[in-house]
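Notes follow the structure.
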Amino acid sequence: MNIPARINPDHIEIAFPHSRHAHDKAATIVDLMGGHKARRFEMNGNGSSAKKDLGLLSVIAGQQCFLLTGSRFDQQDIRDFDNNINGGPGLAMAGNDQGASPQGGAHQPRPDLALIRLMGSALDTTPPALINEISALVHTAVSEQEQEKQIAINDVLTQLVDLKNLSEIDALPAGQERMTVLLQELTQNILSTSIENFDNQTFSHAILDLVQDQIVTITKNTSVDLNILQQDMQSIAVRLDPTTQYAQITQESAAVLKTLLESGTITQEQRAEIENLVALLESDPETTPALTLSRSLATLSPAVMEMIAAQNLSNGTDIIASVKDVLHVRLSQEMGVSVETARAVDVAFVALLDNHAQMMAQPENLSPAQQEILSQLNVSLAAFEQAPASLANLAQILTLQNNIAEQFTTQETNVNPGAAAELVAATTALSEATVALVAQNYDLNPAQITLLTQALTAPASPSSPSLESFVATLSEPQKLDLQAEIAKIEILSASGITVPISETNAPLQNVQNIQDVTVITPETPSLVSTFAQIATASDNFDAPENISTVPSVTEISAASVDTEQTPITVANQDLQEPDQQINNITADEQTRPDGAEIAVASVATIAATESEIKTETPSTPDTPKTSQTQVEARPAISPITPPPPANENKSPVQVTNQPAPTPASPPPPQSGAPSQPPAPATPPPPAQPEKKVEEFFQKPKAGGEDTQKPEVILPKADVPPPVVAPVAPPSSPILQQPSAPPPPPTRLDTFESPVARPAVPETPEPPPRRRFEGEPKTLADFMPPAPVNDEPGDPSPCKRCPLGGGSCDGLCKTEFNKARGKVDGESPDNDPKNDPNKDPDRDPEPKIPEEELEKIIKETGLPEDEIVRLIKKGQKALGDDLEKRVQEKGLAQTLLDIKQAKELESEAIKEGKEIDTSLKHLKNDGAKPSTIVVSPNLGEKIAAPTSQNTPKTFQGNGMRQRTPRMN
Amino acid sequence: MTQAAVKSAQGFEVKDHLGSHDFIWDKPLELQTQQSIDRVLEFFLRNGRMLNIQAKGDVVTVAKKIVSDMRHHIPDTLQNDMNEMMNYLLNWLCDYCEATNTKFLDVEFSLKK
């Protein structure tokens with residue numbers, strides 16, 4: 001019984017049907033390497049024929065099954081297969097005379113397949129490092145050493161597979177016997193392969209770990225006695241523990257070296273060298289970097305080297321080689337990279353040290369610029385020794401690589417061309433090895449590495465990739481890992497070490513340009529110390545909590561051009577136009593080949609700038625080097641802080657000099673509040689920098705859509721974060737005209753001011769009572785009622801206060817009195833413009849009781865609607881005089897007068913005459929005195945408003961004076 | 001290359017793996033493996049589950065993805081059956097890649113109803 005399958009060199013189909021189809025003829029091999037395992041198929045009643053060209057599903061149509069279809073997509077695989085067919089004895093597939101079998105041809109060991117067979121369904125639990133290692137071995141094994149390693153690993157894994165297969169028939173005595181033999185062969189194979197040099201061993205830690213686990217797993221359910229393998233297993237266990245291996249080798253090496261010290265033939269200098277080496281060997285690995293020990297080995301004098309090389313360890317290996325081996329393993333363990341990568345870094349590091357020493361041995365051949373570069377190289381190597389995987393150190397090496405290539409190869413020099421070429425090659429080798437180290441350490445893909453190296457080495461130009469573009473490609477874990485490293489690079493870039501800045505107009509570019517001039521200045525001895533300071537500071541970035549202790553950018557910048565130990569506060573507003581100064585410096589740099597002159601000019605320029613700053617920013621000698629505004633400008637560290645706009649020419653630290661709100665500062669003006677005019681000595685900042693302050697506090701954008709240069713934002717220790725006052729958007733005219741005082745507060749503003757307003761009660765304020773329609777209302781109702789106990793400070797309960805019970809402390813009375821003071825003018829409360837629910841252009845409909853209305857109709861003979869219109873017109877035209885006139889002449893007569901005036905106006909309009917629509921001619925018209933006595937309630941009825949449209953014009957003592965409009 | 005072989009007391013020949021062993025398509029499907037396939041298949045059909053796993057890359061990567069994705073579809077009660085079935089499938093893959101010297105595969109593992 002088998003399962004349906006089509007097997008071709010470039011394609012495979014396997015079906016896993018249910019057993020109920022086990023007796024079908026389709027449950028056989030359909031096609032095998034072009035041959036036909038079965039030529040006739042039932043096709044489930046669909047006919048029968050040889051259907052080798054059809055898909056497997058068409059042959060086994062109707063069956064429910066799992067189907068695996070696969071095809072090879074590497075053309076090299078197909079070529080290899082064809083070569084095997086052509087070169088081999090032919091295909092010898094079982095049951096197939098046309099089958100192809102690579103067994104007879106050149107067969108490549110496949111440790112990857114052995115791993116799959118060994119792990120089986122537990123493959124998903126296999127460590128990724130082991131899978132990657134074996135995959136790389138299968139696909140990239142080129143050298144003879146790699147091929148030998150491939151074969152060795154394949155043999156070990158195959159032995160484990162055999163052990164596994166044998167364990168499944170453990171009950172068989174022959175199987176147990178064979179398992180014991182296989183185990184002995186396996187352990188001896190491992191130990192004999194990796195006994196000489198630890199870092200050159202065939203089996204990595206991952207493979208040895210796998211072997212150990214599998215041996216235990218396989219023999220767990222068997223009766224195989226592992227005691228006979230105890231010694232071998234212990235040896236493997238030692239191999240699995242690099243720490244133990246390191247301690248064992250270093251202790252033994254130190255012991256041998258001490259015997260050298262006891263001999264009396266060595267000089268004092270040689271003794272000192274050996275003692276130094278012994279001390280390093282016996283030191284704690286956690287405190288002594290691996291490359292420090294490597295440097296010590298590399299700088300041994302030839303005589304001492306010969307003496308040490310003559311000694312051997314107990315296993316016959318020489319001391320230096322063994323120590324180097326364990327160092328590489330330790331370095332790989334510390335960095336999380338392969339031993340090969342660690343070894344490459346160490347080799348390149350030592351080679352560059354050697355070349356550097358050779359160059360410095362003949363200083364007379366070096367130009368000042370070359371000496372300076374070599375000094376920088378020495379400092380960079382010292383920093384690299386401490387942290388080989390640091391991006392900042394990589395940036396330094398890449399930068400030095402370009403400088404060294406320029407100074408030692410492209411320019412005329414007295415240095416031996418061969419030695420110069422070796423120096424350049426050594427620097428290049430170290431940079432390449434470091435790139436590989438960084439790539440493995442931070443799990444960067446080749447594209448990310450390319451971006452990173454270009455960002456670190458490409459000249460500053462808008463087209464060159466920026467660090468932000470590199471950061472944008474990082475995953476979130478990578479960003480977390482690289483956050484501190486990016487910050488280090490930013491510090492270096494700001495410190496003057498020529499790390500390219502992506503954006504020409506980026507704010508930090510201003511700082512960098514100033515410092516760049518000093519980089520090539522041989523007369524600035526502070527550069528080395530500056531870099532040492534940076535290196536020391538950068539160590540603090542390892543822990544996020546130490547970030548705040550790192551010197552700020554401007555502090556470091558100031559130290560690099562230290563003149564009076566006063567920081568060059570480029571953040572000051574005096575550098576609001578630094579481009580002009582920087583352009584001058586840049587021009588000097590371009591026109592003057594002498595670096596010293598450039599330096600003088602640059603320092604002079606900076607000093608001049610500094611003096612200007614001092615005039616504006618007086619400081620005492622005891623003043624801290626970093627002003628408070630500078631400190632406040634550095635919010636929480638964020639290497640991927642959104643950068644400023646590209647056309648933003650102002651230094652980012654200019655933002656720091658914005659009038660930062662301090663406890664003594666007046667509160668920011670709020671709308672409606674009594675505004676305080678801005679102090680003339682502190683002009684309001686421009687809008688754009690204000691926006692940058694907000695940007696500093698924004699969370700970095702993960703997508704990195706803004707590809708402009710990130711800024712270094714370093715918080716200062718013990719300084720609280722700045723309190724950013726709410727700022728208007730940049731387009732706000734307030735910011736554009738900051739000196740314009742706000743408009744004087746109106747009475748309404750004053751009344752509505754939250755300052756003057758009493759505290760808002762927690763209890764909900766009852767809504768103002770709304771009058772219902774038709775409710776009788778008198779003119780007096782529109783007058784503010786005389787408050788009871790309305791004097792401020794009156795302890796009696798305030799009865800009109802909506803709070804009730806006098807809890808307003810009389811403030812409402814004060815406001816009420818203010819409102820009363822407006823009775824003659826206007827009341828803010830009753831101004832229809834202030835009430836969105838009130839339409840000032842719509843007059844209320846007078847409501848007149850029917851009795852009064854009938855009486856007026858009788859007296860005037862006017863219809864009801866006309867009466868209403870006339871009343872409204874009178875209200876508009878006469879205002880408060882209407883009431884007087886009604887009292888004097890009576891309502892009916894007043895209405896008649898109004899009617900008459902209206903008729904006269906209509907006639908005048910028809911005749912085209914200019915008329916006075918104010919009806920003022922009626923005011924003093926006493927020609928027709930009224931005989932009608934208005935009842936006391938009539939006025940009330942006339943003025944009775946609707947509940948929704950309260951006529952505010954009746955507020956106070958009279959009607960509001962406004963120009964009426966006649967229809 | 002190891003060519004050791006032993007015979008069990010019952011006469012069953014045990015060969016080392018890299019010997020001139022038979023490929024899996026030359027071996028009969030063991031009953032235990034078929035039963036495991038049946039149970040896993042029935043689980044999918046009974047529960048109306050769909051399965052479509054696509055993987056591309058080197059053989060180890062492809063095999064690992066199939067196993068890990070398949071494990072998410074199978075309940076714990078069927079893990080042993082799934083392991084048995086996956087071991088059989090991986091043996092097919094390995095033998096095919098060994099016979100054809102294939103290093104990179106584009107594979108789809110699905111349920112056909």
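Atoms considered below: every heavy atom in the structure, side chains included; atoms not considered: hydrogens, waters and symmetry mates.
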If you tally heavy-atom pairs under 4.5 Å against chain A, which of [options] wins?
options: B:R39, B:M82, B:M85; result: B:M85
options: B:L89, B:I53, B:L93, B:T61; result: B:L89
options: B:V40, B:L111, B:L41; result: B:L41

If you count heavy-atom pairs under 4.5 Å between each of A:I151, A:L115, A:I116 and chain B, which one has the most? A:I116

Interface residue of largest heavy-atom contact number with chain B, from A:A114, A:S121, A:A122, under 4.5 Å: A:S121

With B:V60, the side-chain contact (heavy atoms from CB on, under 4.5 Å) member among A:N132, A:V138, A:I131, A:T126: A:I131

Non-hydrogen atoms of [X] and [Y] that approach each other most closely:
X: B:N87; Y: A:G120; result: OD1-CA, 3.2 Å
X: A:L113; Y: B:C97; result: CD2-CB, 3.9 Å
X: A:R110; Y: B:N101; result: NH1-OD1, 3.5 Å

Keeping [X] on the side-chain end and [Y] on the backbone end, is there a donor-acceptor pair under 3.5 Å?
X: B:Q34; Y: A:P17; value: yes
X: B:Y96; Y: A:H11; value: yes
X: B:D38; Y: A:H18; value: no

B:F109 vs A:F66 aromatic rings, parallel, tilted or perpendicular, using cut-offs 30° and 60°? parallel

Atom pair [atom1] ([X]) and [atom2] ([Y]), whose distance is rounded to the nearest 0.5 Å:
X: A:R117; Y: B:N91; atom1: CZ; atom2: CG; value: 6.5 Å
X: B:C94; Y: A:D112; atom1: SG; atom2: CG; value: 8.0 Å
X: B:F44; Y: A:C65; atom1: CZ; atom2: SG; value: 13.0 Å
X: A:L68; Y: B:W92; atom1: CG; atom2: CH2; value: 10.0 Å
X: B:T102; Y: A:I12; atom1: OG1; atom2: CD1; value: 8.5 Å

Could you name the residues of residues 62-72 of chain B that have a heavy atom within less than 4.5 Å of a heavy atom in chain A? B:A63, B:K64, B:I66, B:V67, B:S68, B:M70, B:R71

Atom group of [X] that falls short of 4.5 Å from chain B, counting heavy atoms:
X: A:I14; answer: side chain
X: A:T125; answer: neither
X: A:S71; answer: both

Under the criterion side chain to side chain contact (heavy atoms under 4.5 Å, CB included), I'd like the reasoning laid out for A:Q64 against B:E42: C-alpha separation, chi angles, the key distance, then a yes or no. CA-CA 10 Å; A:Q64 296 170 331; B:E42 287 170 359; over 6 Å; no

